**Q** 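Take this structure, written in structure tokens, and hold onto it; I'll ask about it next.
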Amino acid sequence: MPELPEVESTVRRIKPELTGKILRKITVDWTNMAPGMNIDKVSRACKGACVEDVLRRGKYIIISVVGSDEERHIILHQKMSGRLKVYHKSSSRTVYDHVILEFDDGAELRLTDPRKFGRIYVVPHYEEALNSLGPEPLSKSFTQQQLSRILKKRKGAMKALLLNQSFIAGLGNIYVDEILWRAGIHPLRSAHEVTEQEVTALHRHIKEVLRAAIKAHGTDFGDGVIYGGAYRPAVYGRDGEDCLKCSRKLLKLKVAGRGTHICAFCQS
DNA sequence: CAAACTCCCTGTTAGC
DNA sequence: TGCTAACAGGGAGTTT
């Protein structure tokens, strides 16, 4: 569930809490969450390294640490059910705390994830590890011309394309539904059939929705504690309720294997 | 190459 | 009411 706005909020929250701290240990109690890694070996190699920066790329969180020998990047992904928060070691852990970064001063970054879908990678260069990601939608370089060019080359459904991280990085189910509703584009529309006028609206709403959601600290998933964001989606989770534009009933369908919320009148 | 499908997981929900 | 089965969902990997 955490998408770009939630991940951005997480990064902004934990960055000041972690910067300057000395890494002591990394533990992972479910090996699939650290694929292809010898976590004990990596933990020993990272011991004593200092957190220099915390940043976001798509839905990934990158913690850059500098040790005596080299620079490393700890990459985390929350997938659907992962929650990331800094605790003090004196607070009790839960059975869902599968990835833990311990620091010298007693602080602990815990990835709490009941479904074990979350991931941790430790790599020398994060750009290389994440090079299959598409552009950052909020960057200046993500232009309408660029968007238009890619859409023309694709015949698949708009929703599937917007969810594809190698196309644009950071969009997920909630915000894609929101963006398509605002732009008046049906999720099943073939990408290359979208008109230039619609591309203009799409480009604008991608930026507007993401900016508004970040400002609200994301969407509240009923989590309460971590994602208490105030963003209120207009279509996601509102099937059966009234469309905020035309007052007709919102529908739910399945597109690209995802629950999809639309207004059949406003989107075509 | 694009696009569709499979798998990983378990809390939640639907169905009996 | 209580149990079981189906489902959701991001993204990597695989197949068409």
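Keep in mind it's a predicted model, so treat the numbers as computed, not measured. Each chain gets a letter, A, B and so on, in the order its sequence line appears, and its residues count up from 1. Side chains are part of it too, since the values below use all heavy atoms of this structure and drop only hydrogens, waters and symmetry mates.
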**Q** Using the test salt bridge (Lys or Arg N to Asp or Glu O under 4.0 Å), find all partners of A/K252 that sit at least two apart in sequence or belong to another chain.
**A**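 Testing A/K252 for salt bridge (Lys or Arg N to Asp or Glu O under 4.0 Å), a comparison that skips the adjacent residues, returns none.
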**Q** Taking ring-ring contact (aromatic ring centres under 6.0 Å, His included) as the definition, give me every residue that meets it alongside A/Y236, ordered by chain and number, with sequence neighbours left out.
**A** A/H261
**Q** Categorize A/K153 for me: base, sugar-phosphate, or nothing, with a 4.0 angstrom heavy-atom threshold over every strand shown.
**A** nothing
**Q** If you look only at pairs with a residue in residues 171-181 of chain A, which of them pass as a salt bridge (Lys or Arg N to Asp or Glu O under 4.0 Å), with sequence neighbours excluded?
**A** A/K159-A/D177
**Q** Which pairs pass side chain to side chain donor-acceptor pair (under 3.5 Å) with one or both residues in residues 25-43 of chain A, sequence neighbours excluded?
**A**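 Residue pairs passing side chain to side chain donor-acceptor pair (under 3.5 Å), neighbours aside: A/D29-A/H98.
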**Q** If you look at every strand shown and take non-hydrogen atoms under 4.0 Å, does A/Y96 touch a base, only sugar-phosphate, or nothing?
**A** sugar-phosphate
**Q** Have A/D242 and A/S247 got a donor and an acceptor in their side chains that come within less than 3.5 Å?
**A**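 Side-chain D/A pair, A/D242 to A/S247: absent.
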**Q** Can you list every salt bridge (Lys or Arg N to Asp or Glu O under 4.0 Å) pair that touches residues 163-173 of chain A, not counting sequence neighbours?
**A** none
**Q** Restricting to pairs with a member in residues 142-156 of chain A, which pass salt bridge (Lys or Arg N to Asp or Glu O under 4.0 Å), not counting sequence neighbours?
**A** A/K152-A/E196
**Q** At under 4.0 Å between heavy atoms, which parts of nucleotides 9-16 of chain C does protein reach? Answer with one letter per nucleotide, 5' to 3': B base, S sugar-phosphate only, - none.
**A** BBBS----
**Q** Would you list the pairs meeting ring-ring contact (aromatic ring centres under 6.0 Å, His included) in which at least one residue belongs to residues 105-126 of chain A, sequence neighbours left out?
**A**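 Counting only pairs at least two positions apart or across chains, the ring-ring contact (aromatic ring centres under 6.0 Å, His included) contacts touching residues 105-126 of chain A are A/H73-A/Y126.
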**Q** State which residues pass ring-ring contact (aromatic ring centres under 6.0 Å, His included) with A/Y231; sequence neighbours excluded, sorted by chain then number.
**A**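 Here the qualifying residues are A/Y175.
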**Q** Pairs counted as Watson-Crick or G-U wobble with both distances under 3.5 Å: what dot-bracket string results for DNA chain C, using | for bases tied to another strand?
**A** .|||||||||||||||
**Q** Apart from A/V255 itself, what residues make up its hydrophobic cluster when side-chain heavy atoms of I, L, V, M, F, W and Y under 4.5 Å apart count as a link, directly or indirectly?
**A** A/L188, A/L251, A/L253, A/I262
**Q** Earliest and latest nucleotide of DNA chain B, 5' to 3', sitting under 4.0 Å from a non-hydrogen atom of chain A?
**A** B/dA2 to B/dG11
